[in-house]
Structure formats: structure tokens, C-alpha cells
Amino acid sequence: MWAILLFCLFLSCNFICVTLMVSSGTCQKQGHFTLNGMHQDGDFVIGGLFEIQSYVKVYPEISFRTQPKLPNCDLFYMTSFQQALTMVFAISEINNNPNLLPNITLGYQIYDNCLRLGVAFRAATALISGTEETISDLNCKGPPPVIGVIGDPGSTHSIAISSVLGLFRLPMISYYATCSCLSDKKKYPSFFRTIPSDTFQVRAMVQTMRHFGWTWVGLIYSNNDYGIYAAQSFHKEMQLFGHCVAFSEILPQDNNPRVIDHIIGVIQASTARVVVVFSASSLLIPLMNKVVLQNLTGRQWIASEAWVTSTVFRTPYYQPFLKGTLGIAIRRGEIQGLHSFLLRLHPNSDQRNNIVRIFWETMFGCSFETEDKETFGQQIKKVCTGQEDLSITNTPYTDVSGLRAPYNVYKAVYALAHALHDLMQCKEKRGPLSEKNCADITDLKPWQLLSYLKKVNFTTGFGDPVSFDNNGDALAIYDVLNWQPSSEGSIKLHSIGVVNDEVATGMVLRLNKDEIYWNFEAQKAPRSVCSESCPPGTRKAMRKGFPVCCFDCLTCGDGEISNTTDAIKCTVCPDEFWSNFNKDQCVPKEIEFLSYEDPLGISLTTASLLGTCFCALVMIIFAFHHNTPIVRANNSELSFLLLLSLKLCFLCVLLFIGQPQLWTCQLRHAVFGISFVLCISSILVKTMVVIAVFNSSRPEGKGAMQWFGAAQQRCTVLVLTVLQVVICAVWLSTSSPTPHKNNQYVRSKIVYECAIGSVAGFSLLLGYIGLLAAISFLLAFLARNLPDNFNEAKFITFSMLIFCAVWIAFVPAYVSSPGKYAVAVEIFAILASSFGVLVAIFAPKCYIIILHPERNTKKAIMGRETKKY
């Protein structure tokens, strides 16, 4: 709005000027501003705008009937006056340099903006309109009033002034305006600066906070363009790295105590231990005074470049609360000869240099007026001579130990001088203007400097390169400062690092952490987080309604891990891996199978070997007593075949124990099936023999045994067994059992088992065994009431009853048992049924052979037979 109003005012002035030129043939100023400043003539004049005085106490009355007067400025800034003198020094140094702008003398016109936008705009208008009261040359030839402007230091001022200067493409190089909005070349085409944009300052701040792990910080900023744009950039940069702003408060322009109290309350209530402040020191004084009154400690203050080097807060009054402050400061430089130049300053009677007289009066507490003069409410009667010695003074004006803003002023002047020098070196038909022409030095237009200013590239005597990017911004480089207590009880600045923006690596922070002073009892960096970082093995779970920095840490589920800090989600382990106890690493799953080292495996192996030994023992007993009646009466050949099959049943158990391999998987069920069929077929034939023998004892069945002799018995057993062999062969050749890693039973383990391959083949194998067992049981059951000497059928019935009961119970137990226990159930069924057959059929015979040999005679058997009939 300011720019539009002032532009309309400018157009109105032009219209009046045109009217006057038509009537009188001359162009005359329509207004004159009374401004404080410094002046020196030259072939080309450089303008300057500085904040030398401030604090308006009496505002001029605005009646809307007369032209308002400029406000009165009371407080004199020695540091700002030093900046203005640095510009004078740089111009003097250039004029004395034969290699830069030879035969050209630069002049200057410097004005004080009194920290007021209205004054700054009037000063800018005075610079571009010149100092001449009338102009008779209507063609406006010759050098312009100024070829460029150094300043303004304020972002708000620069926005308004550059909006107008940009219309005429008049170069403006600010040394302290940092608002990121000024990087917009469409709005501000002729604006440049030797201080980095707030965008880079914010990045440097966030880099520093990332370095110390501060993810939860408070933000306070001034209610002007500088503070608002810096706060916006800060919010964006924090979000970019997943950091959060705990609170965001605006400093009042009018120092409203209620607003200050509110901000103090927010700081005290917040869990954030780090507070970032974007503001000029003048607007921050009321808040810091309240910090002292409230005894607010335990906070780490982060200062922007606007107040980090300010001397206002480096006093013993603020020291207990602000020591340890970290801040981002513009690059400090050294300017050779500046100190002696500052000491050589003396006032003169030229009214255009009246700011020097004001400085002199402020420095020495005197007056150039012969009459009494009141300054700062005190009567001053001492008269200034102009010959007072500056070398005996000790003020910020003569302090050149920390040249930051003056160093930027120095670079800005040299940038403009180098651009003008390059313009003068232009060769015809190789220039940047239309048709590759060069600018006419005798009729120079300020806009002709722009193309040269964009390409400026030189190195200062301090060794810093100076150039501008496409947005007119300088190379980003900052000093990181730490406020440390001094021996006098005040605060001193200590440089602890550098932040610079490198093309290849981006923003780089270099800190010397050992030199940092922390204002905390532990003398170490504070923690400022909403939630502590989630360690490996956990993941972040956001709290509903809270910023992303506030979260809970949840332990990863079974089979999931997180091996980084602050993991967003847990990663599922691969199929053959499982999470360790800490849930931070995937480890190979425990492979489970029934091994020989397992207690259960040892027990089953022992039982298997015992069964085999019992079978061998019974075979030895039967072989030793093979001619006894009880052995011969029970068909010794079938008994030995049955004992052999039982031994194979016991031994096949060993194939079920140990890590499954292809050959063991293929053999275990085949050997099991064939062994049991051999066993059951032997029992079946034995049962049929018992029935045939009984029938042959009757008159009507005397010829029964001739159809069921020894050859027929062997053939029957062989045929029944071969059928099972065929079933196994077909099964193994079509869909053979294979080792399989099963992780469905227990997710944390891999059950190493044998996949049966074909369910139909396995079912047919078991079904065939079950069919033979059922037939044997049925025949034995029907023959259970035979005479005592033929009581083999009772023993067979009992053994088949045990066999069938075991395998009927096996099915549900096998299905419901997980992992290796399913194998153990199958082994138990094999052992139980085998022991049942062995005990039921052979235990009674061994009992008679060993313990009652007197009953192992044909006479005893026949006697019992006669007795029963």
C-alpha cells in the first residue's frame, strides 16, 4: 500500500514538473526534505541509508492542512554511525586505489532514516532526485544523482523503497535486510544484498538444533516483515526435518505488558527448553526485563542475527539469565585502516554533513551552539571546538574488534565499484546492452549497472569471496556465537563455529563443542524434546491431536524389528528369521525337530532299542527251545517271521528321529508301512492257521490243513506284503515325501518335518494296514472260544485289540500335535502297538518256557485238552 501511494505521489510530481518545463523550460523541485546526513562530491555518487538515530518521542501533529514535519529523533546509535563511516572509508579507499576505477572519483550522499519508514522513504526520494534545486537541461544528460544505494538495513524499509527503485532499475544493495521475500526478482528486480537471506539463517539455526537433538522448541518473533517472514521460513524448515514448534508468539510493537505477561506464561508452561527469537533488540527489551523479574531460568535462548551481537543484553543485569545463549551472526571481517580512519574524523560547518556534528555533540557531551542547549533533558553548557580527541573515547564507534554489519557495508560499496569498473572496461560490440553495445560513461543510466552487478565476483582483503546468486543474495556464511560470562560480570561474545552453504554438500555446520558455555547445572546441552527418542526395538505411535514430535514408543510385535532410532514402523523379519529378545535384530529361527539329543528323542530311542532287544531275546528263547511243544504248536516259522517284523517295526522308529533328510523322509513311512504289513499279515496267517487246525480236528474238516500248509502260509504273507510294497513304490515315485520347513505351527520356530507329499498315498498305506488289522481282529475274535490248547486266538484277539485302539487314538492325537510332537505321537503309536503285539502274543509263551518248563510238554498240552473235552 505504501509503495502504491508513494508511486502515485511520484507520478503527480512528474506531471507538475512536465507542466513547469513546458511553461518555463526548467525543472524545479517541488519539495525539500530536511534530513541528517553526510555528503561528498564525486564523478559518480553512491547513496546510503543508515539507522543512525531512533526513538521518536514527539510525533509531529498532523492537521491535514499543512505539510507534516519530520519526527524528532533522539537516541544516537554509535554502531550505526560506524557503519556509515565504513561506507565513507570504503569510498575513500577506492578513490586512492589506482587499479580500481582509475581517473574516477566516487562521492557519497548518506542519510539517516531515523528508524522510521516515512523518513527512510523521503531519504530515498531525495537520493534519486538529486540535490540540485533546478535543472535546465531538459534532456537530463550527464551522471545521475546516485548510481546506486547502499541500504536500507531494515527489511520493511527495503521492501517499500526497492518497490519504487525497481521501477527505474536503480541498484540497491542492502547490508542488513534479511527478509526472504526480497529474493523475489519479479517484485524487486534491482535489489541485492551482502547479507544472506533469512532462508539461509533459518537453515543454519535448524542445522544447529539438529546437531544438539532439539526437536521441540519455542518461537518468538517480531510483528514486522523481518519477524513474520523468518517465522514462516522457520516453520517450513522445522516441518521439513520432522521437528516441531511448541509455541509461536508475536512480540508487541507497543510493548503491551499484558502481551508480555502472556508470552512469559507460555514459556513457563511449555516443556520446550529451547526458545528461538527473531527480533531486533529494541523490541525484545521488555520481554527480557520480564524474564529477569520472573527469575525465568532453565531456558536455552537462540538469537537471530538481528540481536545476537547487540550490546543491550550483555550487561550484568541480564547475565544470569542470558549467558549461554547461542546465536547465528553474520560473518565477521577485518578492515585494515578503518580504526585510524574513524579516529581522524572531525566535524565541519557544511550543513550537508550535519550528522557528524550531531555525533560529535553526543560523543563529547558538548554543543556547537553558543547558547545553552538541552539534550536528553540535561542542560549542556560546554561548547564543542571540533578538535576533541576521539582516541581517548571508548565507545562502540571506535570498537573494530567485531566488524559484522560494517563488513557488509564495505563489501556492498566494493560490489558497486567493481560493477562500475567492469562497465568502464567494456569493449564495443561485446557489451551487455542491445546490439552488444557498451554504456556511455558520460551519460550513464543506473539500470545499465545491473547486468554488471549480477556478475560481480571479487575477493575482499580479508579473503572472503563476494558474488550474488540469481536472486541477488550473497553467499551464505555465518558465525555461530556463544554468550559467555566475563570476569567483569557481563557477557562476552565467543565464536564457536561456522555455518556455510556449499554448492556440493549444502548447509554445513562446523562446531567446537568443547568451547560452548551452557547455562545449566550439568554444564551440558539441555534436552528439548516433546517425547524421548524411541530406541531400536520400538516404533513411534503418534498421539492424537499432538504434533508429530509428541509420540509414544511401542514395542515391536513378535517377528518384527526396528534397528534404527525413532522408527516409524517395525519391519517384519523374513520367513526363516525371527526377532531377538530386544526386537532390534532378525536372527535365524530355531529349527525344531525330534533329535537324538532331545530328552524326548532319547526316551523314544531307548524304547525302540529295548523293543528290538526284547524281540531278539524272544527269538533266542524260541530258537533255543524250538523243539519244545509250545513253540512247535504255535507254528515256529510264523513266530520267527512275526518277531522279525516286530524288530523292523521297532527299528523303523529310528528313521523318525533326527533332522529330516530326503532319504529318511522317503524310507520312514515305507519301512513303517511294509514292516507293519509284514507283522499284521503274519498275525493274520497265524490266526487262519489256528482256525484251520481247529477245523481239521473235526470229522467234517479233516482236509482243511492240506489247503493251508507251510507253502500257502508263506505265499499269503508274501502276497500281502508285496501289495504294500507296490503301494509304497507308487507313492514314492509320484509324490515322494520331502523335508519341509514349516513355520505355521509356531511362528518363532521352523519345524523341520517330512511333508507326506501325497495325502492319498499316505492314506492308502495306513488304510491297508488298518484293513489287515481289522480282518485279523475279526477272525481272532470269532475264534476266541476255541479249546485251551488252541488259545492262540485269544492272544491274537487281545493284541489286535491293543493295536486297533492305539491307532484309532493316534489319528486325533497326531492332528492336534504341533511340530516335533506330531512325530513323537506317531513314534509312540508304533512303539505302543509293537509292544502290545509282542507282549500279548509272546509273553505267555516265554512265561511257560522259562518259568514253568514242566508245562512245556506234549503230554501237558494233551492232558489239558482231554480234561477240557
Side-chain angles (χ1 to χ4, degrees), residues 608 610-653 671-693 708-725 768-781 783 790-804 806-807 829-850:
S608 171
L610 283 175
T612 304
C613 292
F614 287 152
C615 290
L617 181 61
V618 172
M619 290 181 71
I620 293 172
I621 293 172
F622 270 48
F624 189 74
H625 298 279
H626 68 282
N627 291 321
T628 59
I630 197 167
V631 175
R632 296 181 64 185
N634 288 282
N635 195 336
S636 60
E637 185 176 344
L638 285 177
S639 296
F640 280 108
L641 187 60
L642 178 58
L643 286 171
L644 177 62
S645 64
L646 285 175
K647 185 183 290 187
L648 292 176
C649 290
F650 282 118
L651 289 176
C652 79
V653 166
V671 173
F672 154 71
I674 294 171
S675 300
F676 264 82
V677 166
L678 181 60
C679 175
I680 301 301
S681 62
S682 299
I683 293 173
L684 178 59
V685 171
K686 200 174 187 62
T687 306
M688 294 171 65
V689 169
V690 171
I691 296 174
V693 170
F708 209 73
Q712 287 83 357
Q713 293 173 22
R714 298 189 195 100
C715 185
T716 302
V717 172
L718 180 62
V719 169
L720 294 176
T721 304
V722 167
L723 286 176
Q724 184 73 306
V725 172
Y768 184 59
I769 295 174
L771 177 63
L772 294 180
I775 295 174
S776 298
F777 174 73
L778 181 60
L779 292 177
F781 180 76
F790 297 107
N791 62 1
E792 185 78 4
K794 289 183 179 180
F795 302 141
I796 293 173
T797 302
F798 186 62
S799 66
M800 287 297 98
L801 184 63
I802 295 173
F803 185 90
C804 293
V806 168
W807 285 101
I830 295 172
L831 293 176
S833 58
S834 299
F835 273 114
V837 172
L838 179 64
V839 172
I841 294 178
F842 292 99
K845 298 176 178 61
C846 291
Y847 174 77
I848 292 173
I849 293 172
I850 297 174

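Residues take their numbers from the sequence shown, with the count starting at 1. Quick caveat: nothing in here was measured; it's all calculated off a predicted structure.
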Any donor and acceptor pair, going by atom type alone, linking the side chain of Ser834 with main-chain N or O of Leu831 inside 3.5 Å?
no

For residues 611-624, tabulate all N or O donor-acceptor pairs below 3.5 Å that involve a side-chain atom, not counting sequence neighbours.
from: Thr612; atom 1: OG1; to: Ser608; atom 2: O; distance (Å): 2.9

As an exercise, state the distance from [atom1] of [X] to [atom2] of [Y], rounded to the nearest 0.5 Å.
X      : Y      : atom1 : atom2 : value
Ser682 : Glu637 : OG    : CD    : 10.0 Å
Ser776 : Ile683 : OG    : CD1   : 6.5 Å
Thr628 : Lys845 : OG1   : NZ    : 11.5 Å
Leu778 : Cys804 : CG    : SG    : 10.5 Å
Leu642 : Lys686 : CG    : NZ    : 7.0 Å
Leu646 : Leu678 : CG    : CG    : 9.0 Å

Test side-chain contact (heavy atoms from CB on, under 4.5 Å) on Ser645 and Leu641; report intermediate values, then the result.
CA-CA 6 Å; Ser645 64; Leu641 187 60; 5.9 Å; no

Are more than 12 heavy atoms from other residues, nucleotides or ligands located less than 6.0 Å from atom CZ of Phe777?
yes

Return the minimal non-hydrogen interatomic distance between [X] and [Y], and the atom names on each side.
X      : Y      : answer
His625 : Ile849 : CD2-CG2, 3.3 Å
Ala840 : Phe798 : CB-CD2, 3.7 Å
Ser675 : Leu648 : OG-CB, 3.3 Å
Gly836 : Ile802 : CA-CG2, 3.9 Å
Gln724 : Val677 : NE2-CG2, 3.0 Å

Partner set under ring-ring contact (aromatic ring centres under 6.0 Å, His included) for Phe835, not counting sequence neighbours:
Phe650

Checking [X] now: which residues fulfil side chain to side chain contact (heavy atoms under 4.5 Å, CB included) with it, not counting sequence neighbours?
X      : answer
Ser833 : Phe676, Phe803, Val806, Trp807
Leu771 : Ile775
Leu720 : Ser681, Leu684, Thr716, Tyr768, Leu772
Val722 : Leu718, Val726

List the steps and the verdict of side-chain contact (heavy atoms from CB on, under 4.5 Å) for Ile680 and Met800.
CA-CA 9 Å; Ile680 301 301; Met800 287 297 98; 3.8 Å; yes

